Amino acid sequence: MLGILRSLVQEVNSARDLTEALGIIVSRVQKAMNTEVCSVYLLDPVSNRYILMATEGLYPQAVGKVSLAHSEGLVGLVGSREEPINLEDAPSHPRYRYFPETGEERFRSFLGVPIIHHRQVLGVLVVQQRENTRCFDEGEEAFLVTVSAQLSGVIAHSEATGAISGLSLTGEQAHDVSFNGVPGSPGVAIGHGVVVYPAADLDVVPDKLTTDINQELALFQSAVQAVREDIEQVAERLTSRLRPEELALFDVYLRMLSEEALPDEVRNRIREGFWAQGALKQVVQHYISHFEMMDDHYLQERAVDIRDLGRRLLSYLQEGEQKDLNYPEKTVLVSDELTPSMLGEVPRGRLVGLVSVKGASNSHVAILARAMGVPTVMGLVDIPVNQLDGKELIVDGFDGRIFSSPSPDLRSFFQTIRDEEREIDRGLEALRDLPCETTDGHRVPLLVNTGLMTDVVRSLSHGAEGIGLYRTEVPFMIKDRFPSEQEQRQYYRDQLEAFAPSPVTMRTLDVGGDKALTYFPIEEENPFLGWRGIRVTLDHPEIFLVQVRAMLKASEGLNNLQIMLPMVSNISEVEESLHLIYRVYHEVREEGFEIHMPKVGVMIEIPAAVYQVRELADRVDFLSVGSNDLTQYLLAVDRNNPRVAGLYHSYHPAVLQALVRVAQDAHAAGKPVGICGELAGDPGGALLLMAMGYDSLSMNAASLPKVKYVIRSVSREWAVRLLKDVLLLDSPHVIKSCVDLALRNAGFGRYLRPHQTKAASTTPLASQVLSQN
Ligand code: PEP
Ligand code: MG
């Protein structure tokens, strides 16, 4: 059964559209189970009915015509119970419904299993048999359940492909379809999609049509020629080092490149109108699935060769083409996995929105997007994003969803929201030079998190009182090698000078997890539990020492530097780091620099550190909570994984209890404690943290004016009462609602996620089917 399942999944994966995918499923399952009927019914959210979408054994003309209400018939029963139903004599069941147009009365045994994706019932897969002596056995039931579980993602993906083109399940026009991910950065953007993808990755090449077939043919021809020459050269170079049977591999490659093989098929696709890269992708993927399905292990392995050859051809086709990307005036950058360098390539002023398949709200690219104030949706899984290229898109960064090819009504609805947002921001500009102080005189310095120089400029205009977290890894991430001491010194000097005499807290390099340096790759099974932050830099003192030296030299004459250590889980890490920092301090002074010993602090981001706050506080000058990581480690929820984004909750009672404890223990040890996670930039979160006694709040520049406005409008006493109330609650959702309600009642509704964007009611298809939450 496993073999059948594997080839079924591969075939379905390479289907061109939903109809083809469902056709493959019903015919293969019918054959594999040796049954008379196999059908798929999909739930159409527009009509809330199960539609017969494909069948093998019922009348083909019933496809698309027969439908059942949500709770009608046995199909409805399977869907509502969300479990298989296996009946020997279906017509005698009280829920049996008879449809003469399907020819169904001839069949008696019925086995139906739900197709469920991310808790949503997408449809029902049914097999039927004429003789009532047949009862589908447990093994068959298990097989059908496995088929359904394996294929639900593919079905969701194919449905979405149709929906992006504005088609409903029945092939009718469907407008204003939304695709749900998770909020990355708040705001609304309206622009045109530009899909960017890592070079030479066939899987992510978009399916585009070309208007210049001859040019694509010529491009392809020269790529084939170039790869052929490469292979011949490599083979020649290796002749003396390889045995003849190993060298034969190169002949295989060259044969595959011969005229009548792969190239001819690609040319045919190009003549059908596909651009060369898309044509190549289709042909190579077809070959790969063909080889992978073979039973012979040797032939299965050939799939690897085809993939390699495809990649070589693709890299020639792509030469120079990413540079020629045409960024429209209002670009919504879309990618399977956005990276900071992709953002950097969009010409200044053209980037209005971001969409990423991978990652979630607290992925670092989302944090960067918030710092830049670019509306972003993350975790748009199961959506064929490459279809979004060139489409008009609305990015709703409040609710974490996008709309493709919106209707004029929907566009103007979101334009209004965007304009209102701008107006609120302008209104808050007046607060810039006012202190962040409650109505009863409690002062809370608002600091800013930075990474790039642009953040600094924005922070100054928003009235930040210093830098609470400078993520030094950001300048490291946009280079193609480690920056030299001199280069680092310049970056750090810029940050220190911009805020002097206010404090600038520089965190030592925090790479690992989801922050990769292309020139220092870290491959791990469990990167967030692995070699990250201080663990990396203590293992590489040469990196740490150069960085601290650059920081200290940059601080000369300004004396506003503070150094902070990330990902600390052991006291010994602090002691070793302090030892190195003192060493550099003395060396730099000996070199003649007039510097002062900076304050050194520790980030509290790991549960172990929460329980050792006193011991840590005894050794350092200050503490700062990294609530982004603390939340992920306390709740065991990968901050980067959209599938569990619904479980990542900074208002979780356990997180709040930990935060209370950290503030109390730090103060008991006589040390100041701040917070620099995203919770500090959430107006409700900021009030709770202030009530807990946090001495400073550090956030992205865009959040600062709203947080200041809210804090200036309440008394500390009010916030303390709110904190007391929420600490009695046991559900993160209830706590969030309770805080939101209190803020709304206090008149801050428009400063929360301002618009519960009513457009949900105008989103017929896929929005519910594909909902990730
Ligand atoms: C945090 O973990 O809360 C934090 C501020 O650090 P980063 O988001 O860079 O991991
Ligand atoms: Mg962190």
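One-based numbering along the sequence shown. This structure is a prediction, so every number in the text was calculated from the model and none was measured. Both ligands and their constituent atoms are indexed starting at 1 by order of listing.
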**OP:** Identify whether the distance between the nearest side-chain nitrogen and carboxylate oxygen of Lys671 and Asp621 falls below 4.0 Å.
**Re:** no
Between ligand 1 and the protein, tabulate every N or O atom pair separated by less than 3.5 Å, reporting distance only.
| from | atom 1 | to | atom 2 | distance (Å) |
| --- | --- | --- | --- | --- |
| ligand 1 | 2 (O) | Glu605 | OE1 | 2.9 |
| ligand 1 | 2 (O) | Asp629 | N | 3.0 |
| ligand 1 | 2 (O) | Asp629 | OD2 | 3.0 |
| ligand 1 | 3 (O) | Gly626 | O | 3.4 |
| ligand 1 | 3 (O) | Ser627 | N | 3.1 |
| ligand 1 | 3 (O) | Asn628 | N | 2.7 |
| ligand 1 | 3 (O) | Asn628 | ND2 | 3.2 |
| ligand 1 | 6 (O) | Arg507 | NH1 | 2.9 |
| ligand 1 | 8 (O) | His364 | NE2 | 3.4 |
| ligand 1 | 8 (O) | Arg471 | NH2 | 3.0 |
| ligand 1 | 8 (O) | Asn628 | ND2 | 3.0 |
| ligand 1 | 8 (O) | Arg639 | NH2 | 2.8 |
| ligand 1 | 9 (O) | His364 | NE2 | 3.0 |
| ligand 1 | 9 (O) | Arg471 | NE | 2.7 |
| ligand 1 | 9 (O) | Arg471 | NH2 | 3.4 |
| ligand 1 | 9 (O) | Arg507 | NH1 | 3.2 |
| ligand 1 | 9 (O) | Arg507 | NH2 | 2.8 |
| ligand 1 | 9 (O) | Lys515 | NZ | 3.2 |
| ligand 1 | 10 (O) | His364 | NE2 | 3.1 |
| ligand 1 | 10 (O) | Asp629 | OD2 | 3.0 |
| ligand 1 | 10 (O) | Arg639 | NH1 | 3.0 |

Original post:
With Glu575, which residues qualify under salt bridge (Lys or Arg N to Asp or Glu O under 4.0 Å), at least two apart?
Top reply: Arg619
Subject >> If only protein N, O or S atoms under 2.8 Å count, total around the Mg ion (ligand 2) >> reply: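 My tally for this metal is 2.
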Subject >> Test salt bridge (charged side-chain N to carboxylate O under 4.0 Å, His left out) applied to Arg535 and Asp539, step by step >> reply: CA-CA 6 Å; Arg535 302 170 182 181; Asp539 285 352; over 6 Å; no
**OP:** Would you check if the distance from the ring center of His733 to the ring center of Tyr651 is below 6.0 Å?
**Re:** no
Original post:
Do side-chain atoms of Tyr694 reach the backbone of Leu659 as a donor and acceptor pair under 3.5 angstrom?
Top reply: yes
Subject >> N/O donor-acceptor pair under 3.5 Å between Tyr633 side chain and Phe528 backbone >> reply: yes
Original post:
Going from NZ on Lys553 to CD on Gln488, what distance comes out if it is rounded to the nearest 0.5 angstrom?
Top reply: 11.5 Å
Subject >> Distance, nearest 0.5 Å, that separates CG of Leu679 from CG of Asn628 >> reply: 8.5 Å
Subject >> Selection residues 595-605 - residue pairs positive for side-chain hydrogen bond (donor to acceptor under 3.5 Å, both in side chains), sequence neighbours left out >> reply: none
